[in-house]
Amino acid sequence: MSATATRLLDNYVSGAWTPAAEPSGALDVTNPATGEVLARVPLSGAADLDAAVAAARAALPEWRDVSTIERARRLFTLRERLVERHEDLARSVTAEMGKTIADARAEVSRMIEMVEAATAIPTTMQGRILEDVSRGIDAETIRQPVGVCAAIVPFNFPAMVPFWFLPFAIACGNTFILKPSEQVPLTQQIAFEVLDTLELPPGVVNLVNGGREIVEGILDHDGIDAVSFVGSAPVAKIVYERAAKAGKRVQALGGAKNHMVVMPDAVIDRTVGGIIGSAFGAAGQRCMAGSVVVTVGDAHKRLVPALVEATGKLSVGDGSDESVEVGPVVSCEARDRIKAWIDKGVEGGATIVVDGRGVDGGNAEGAFVGPTILDDVTPDMEIAQEEVFGPVLAIVRAESLDEATAIVNASRFGNGTSIFTENGAAVRRYRHDVEAGMVGVNIGVAAPVAFFPFSGWKDSFLGDLHAHGSDAVDFFTKKKTVTSRWFSDGQGHGSYFVES
Ligand code: NAD
C-alpha cells in the first residue's frame, strides 16, 4: 500500500481544506473490485458541522448580493473546469463505487449537465408581475434564496447526485453544505478541488465528511434552512420527519423497486438491451434500476430465452477494464446481502434461470455478484416487493396490461417504471394509470434529465418539490409577493391616485 493510499480526507470549510476537528473515528474507503484501501474518511463531529454552518451563514449576505448573471458566470467556469477533470472524476467513481468506466463517464457527463442547467438561472429565477391588480396598484412575486442549504447523498452516484443540488442552490444565491456518502467520499474531493479554483466567497460551498452523526446534526441544526436527501427509504423517512419537525424545507428521495412491463408486441432484441442495461448496469445499484419485469401474455415466451442468453454473456469484472460490462457491487457487505436475497427468492419458490452467486469477477477479494434472473416470481413474494439493490432481476407474469399495471401499482415504491411496446394506446393508458414519478417508454432507465424535475412517488419520495429542473428553483428560493403603488404622478406632482 502506498503512502498516499491511506491519506485521511479533509473537510472543506470556509474556502479551505480543513482536517476534522474531533472525529469520532475514521472508515476505510475501498475499491470494491480489488479490496484495496484508497483512503480513510473521518467521521466528523458536531464541531465540524458547526464550523461549516457558521461559514455558510457568514457567506450568505455577500453571495446573495452577487448579481445573478455573475453567479451564472461562476457556473460557466465550473462547467469548463469539470470538463477538464472529466476523466479524473470518472476514474474516481469507478475506483470507489465500482461501476464500469463507461458508466462512470456517463455519470460525470450528467453531473456536468446539472451545472449547465443551473447556468440558466437569470431566466429561471425570474418572478412574475401583474400590473393593475387594483387601480394603480401592481403586484409582483420575486424569488430570494432560502439560506443555508444542506444535502445528504448516497453511495451509488458519487459524482452526479450531489450535483442535483449544489449548482442550483448556489445559483439561486444560497450557501451550501454537502455530506457525501462515507462509502464514496473521494469523487467529491475532486469536485471541491474544482470548486476551490472558482474563488467563491469563503463559505459558499462546504463539505463535511461523516456518517449518521453529521446527518442528525444537519437535521436539527438551527443554522440550516433546507435539507435535500437522497438514499434508502427508511433513512428518507427519518430525514423528512426530523428536518420538518425542526422547521426546515425538506425533500427526501428514497428507495425503489422499479418495474418494466413488456407487452406482447415489444421489439424483443431492443427490449432485451434496455432491460439488461436497466437491471444490470451499475450492478443493479441505480435508483432507476429495473428490478422486476412484468411480461404480458405471450411476451414471456418471446422475451425470456433471449434475455437469459444475453445475460449469460455479460462480462463481470473490475469496472476500470474497458471491456467489462458489469462491475462489482459497492462492498462485500452489500455482496453478501444481495446473495442472501437470491437465496431467499429461490427458497420462496422462484426458478433461478441465471445464477450469479458463484461469480467472482476474477478477484476473490472483490465484491462481486453476477447478473441473476429469477423466473416464476409472484407479486406476493418478498423478492418482488423489497429493494435488493444489486444485479438481480425478477420476472412476474400478467395476462393483460391492466393486470400488469395493478401489479406495479401495488408496490409501496413508485420511483420509476418502463413499458416496452409499439402500441401507442397502451403507452398512453400506462402513462395515465401508473403510480410512479418517472416513466420510460422503450427506455430501460428513465434517467434524470437536468432541465426536468426528477423524483419518485409514494415511499420513494417524501416532499413536494422534486430534484433539479424547474423544481430546483422552487426548492432553493422563497417567494415574496410585493404589492405597490405610488402617490405622485411621476412628474414631480403630489398625490395622484384616489384611495380605492
Ligand atoms: P443510505 O440511506 O444508507 O445512505 C444515504 C445517506 O444517509 C448517506 O450519506 C449516509 O451517511 C446517511 N445515513 C445512512 N444511514 C443513516 C441513518 N440511520 N441515520 C442518518 N443518516 C444515515 O443509502 P445508500 O445505501 O448510500 O444508497 C442506496 C439507496 O439510495 C437505495 O435505497 C437507492 O434506491 C437510494 N437512492 C435513491 C435515489 C432516488 O432518486 N430516489 C437515488 C439514488 C439512490
Side-chain angles (χ1 to χ4, degrees), residues 24 27 29 32 41-44 49 96-99 107 110-111 114 150-165 177-185 187-188 207-220 227-243 250-258 282-291 329-331 333-334 337-338 341 386-390 411-417 436-438 445-449 452-463 465-469 471:
S24 58
L27 302 174
V29 183
V41 60
L43 294 172
S44 306
L49 181 62
E96 65 179 345
M97 186 273 171
K99 68 178 66 171
E107 177 185 342
R110 287 191 192 279
M111 169 201 201
M114 299 297 156
I152 301 154
V153 292
F155 78 79
N156 61 333
F157 285 99
M160 178 185 71
V161 168
F163 274 62
W164 283 356
F165 309 111
I177 300 170
L178 176 67
K179 204 296 282 174
S181 164
E182 61 274 41
Q183 294 190 82
V184 295
T187 304
Q188 286 304 311
L207 174 145
V208 182
N209 287 296
R212 184 175 175 162
E213 189 183 343
I214 293 299
V215 175
E216 291 176 350
I218 288 172
L219 304 181
D220 296 340
V227 176
S228 303
F229 171 85
V230 183
S232 59
V235 183
K237 192 158 190 289
I238 294 169
V239 167
Y240 186 71
E241 289 175 351
R242 195 155 160 175
V250 50
Q251 52 184 179
L253 287 74
K257 189 77 182 176
N258 303 317
Q285 300 163 109
R286 291 187 187 127
C287 59
M288 297 307 293
S291 54
V329 295
V330 70
S331 65
E333 295 74 37
R337 180 182 49 74
I338 294 161
W341 267 113
E386 298 301 322
E387 183 175 44
V388 174
F389 221 55
S411 172
R412 68 190 169 92
F413 297 108
N415 213 33
T417 185
M438 305 294 296
V445 184
V449 178
F452 283 89
F454 172 88
S455 181
W457 287 10
K458 303 201 280 190
D459 281 4
S460 297
F461 178 63
L462 296 165
L465 294 165
H466 292 190
H468 54 78
D471 276 23

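If you're wondering where the values come from, they're calculated on a predicted model, not measured in any experiment. Every number for a ligand or one of its atoms is a count from 1 in the order of the listing. For this chain, numbers begin at 1 and follow the sequence in order.
- In this structure the side chain of P158 reaches within 4.5 angstrom of the side chain of E107, judged on heavy atoms.
- Each of the atoms 6 (C), 7 (O), 9 (O) of ligand 1 lies under 4.0 Å from some heavy atom of I152.
- Distance check on atom 34 (O) of ligand 1: some protein heavy atom falls below the 4.0 Å cut-off.
- Side-chain contact between Q285 and F389: present, with at least one pair of heavy atoms (C-beta onward) separated by less than 4.5 Å.
- With respect to I152, the side-chain contact (heavy atoms from CB on, under 4.5 Å) criterion is satisfied by exactly one of I214, V215, L178: V215.
- Taking 4.5 Å as the limit, every side-chain heavy atom of N209 sits out of range of all side-chain heavy atoms of E182.
- Heavy-atom proximity to atom 3 (O) of ligand 1, evaluated over S331, S232, P154, is greatest for S232.
- A heavy-atom separation below 4.0 Å is found between W164 and ligand 1.
- In this structure a side-chain-to-backbone donor-acceptor pair under 3.5 Å is present from R337 to V388.
- Close approach of ligand 1 to N156 is summarised as follows: ligand atoms under 4.0 Å from at least one heavy atom of the residue are 43 (C), 44 (C).
- In terms of protein heavy atoms, atom 38 (C) of ligand 1 is closest to C287 CB, 3.0 Å.
- Atoms of ligand 1 found under 4.0 Å from any heavy atom of V215, numbered from 1 in the order shown, are 12 (C), 20 (C), 21 (N).
- The pair E241-K237 counts as a salt bridge, with a side-chain nitrogen and a carboxylate oxygen less than 4.0 angstrom apart.
- At least one side-chain heavy atom of Q188 sits less than 4.5 Å from a side-chain heavy atom of F163.
- Closest protein heavy atom to atom 24 (P) of ligand 1: F155 CD2, 3.6 Å.
- From the protein, the heavy atom lying nearest to atom 6 (C) of ligand 1 is V153 O, 3.6 Å.
- Here the CH2 atom belonging to W457 is positioned 11.5 Å from the OG1 atom belonging to T417, to the nearest 0.5 angstrom.
- Regarding atom 28 (C) of ligand 1, its nearest protein heavy-atom neighbour is F389 CE2, 3.5 Å.
- Each of the atoms 8 (C), 9 (O), 10 (C), 11 (O) of ligand 1 lies under 4.0 Å from some heavy atom of K179.
- At least one heavy atom of N415 sits under 4.0 Å from some atom of ligand 1.
- Using a 4.5 Å cut-off on side-chain heavy atoms (C-beta onward), T187 and E96 make contact.
- Not a single N or O atom of Q183, backbone or side chain, sits closer than 3.5 Å to an N or O atom of ligand 1.
- Here L253 has heavy atoms under 4.0 Å from ligand 1 in both its backbone and its side chain.
- At a 3.5 angstrom cut-off on N or O pairs, G254 counts as close to ligand 1.
- Considering backbone and side-chain atoms alike, G211 places every N or O at 3.5 Å or more from each N or O of ligand 1.
- Ligand 1 lies within reach of F454, whose nearest heavy atom is under 4.0 Å from it.
- The side-chain tip of K99 points at the ring of F157 from less than 6.0 angstrom away and within 45° of straight on.
- Within ligand 1, counting atoms from 1 as listed, the ones closer than 4.0 Å to a heavy atom of E387 are 31 (C), 32 (O), 33 (C), 34 (O).
- There is no side-chain donor-acceptor pair under 3.5 Å between S291 and E387.
- Looking only at protein heavy atoms, the nearest one to atom 7 (O) of ligand 1 is F229 CE1, 3.4 Å.
- Closest heavy-atom approach to atom 22 (C) of ligand 1 among the candidates V388, V235, N209: V235.
- Annotation: side chain of M97 is in contact with side chain of N156 (closest heavy-atom distance under 4.5 Å).
- Among V161, V230, V184, the residue whose heavy atom lies closest to atom 42 (C) of ligand 1 is V230.
- Considering backbone and side-chain atoms alike, S181 places every N or O at 3.5 Å or more from each N or O of ligand 1.
- Remark: M438 CE to F452 CZ distance equals 9.5 Å, nearest 0.5 Å.
- By the criterion of a heavy-atom distance under 4.0 Å, neither the backbone nor the side chain of F461 is placed next to ligand 1.
- Within the structure, ligand 1 lacks F157 among the residues with a heavy atom less than 4.0 angstrom away.
- If you look at E182 next to ligand 1, the close heavy atoms, those under 4.0 Å, all belong to the side chain.
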(message) Run the side chain to side chain contact (heavy atoms under 4.5 Å, CB included) test on W164 and Q251 for me, step by step, so that the C-alpha distance in whole Å, both residues' side-chain angles and the decisive distance to 0.1 Å come before the verdict.
(response) CA-CA 12 Å; W164 283 356; Q251 52 184 179; over 6 Å; no
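- Considering R212, H466, M288 only, the shortest heavy-atom separation from atom 17 (C) of ligand 1 involves R212.
- Each of the following atoms of ligand 1 lies closer than 4.0 Å to a heavy atom of G255: 32 (O), 34 (O).
- Distance alone, capped at 3.5 Å, is enough to place a donor-acceptor pair between the N258 side chain and the A289 backbone.
- Side-chain atoms of H468 and V449, non-hydrogen and from C-beta on, never get closer than 4.5 Å to each other.
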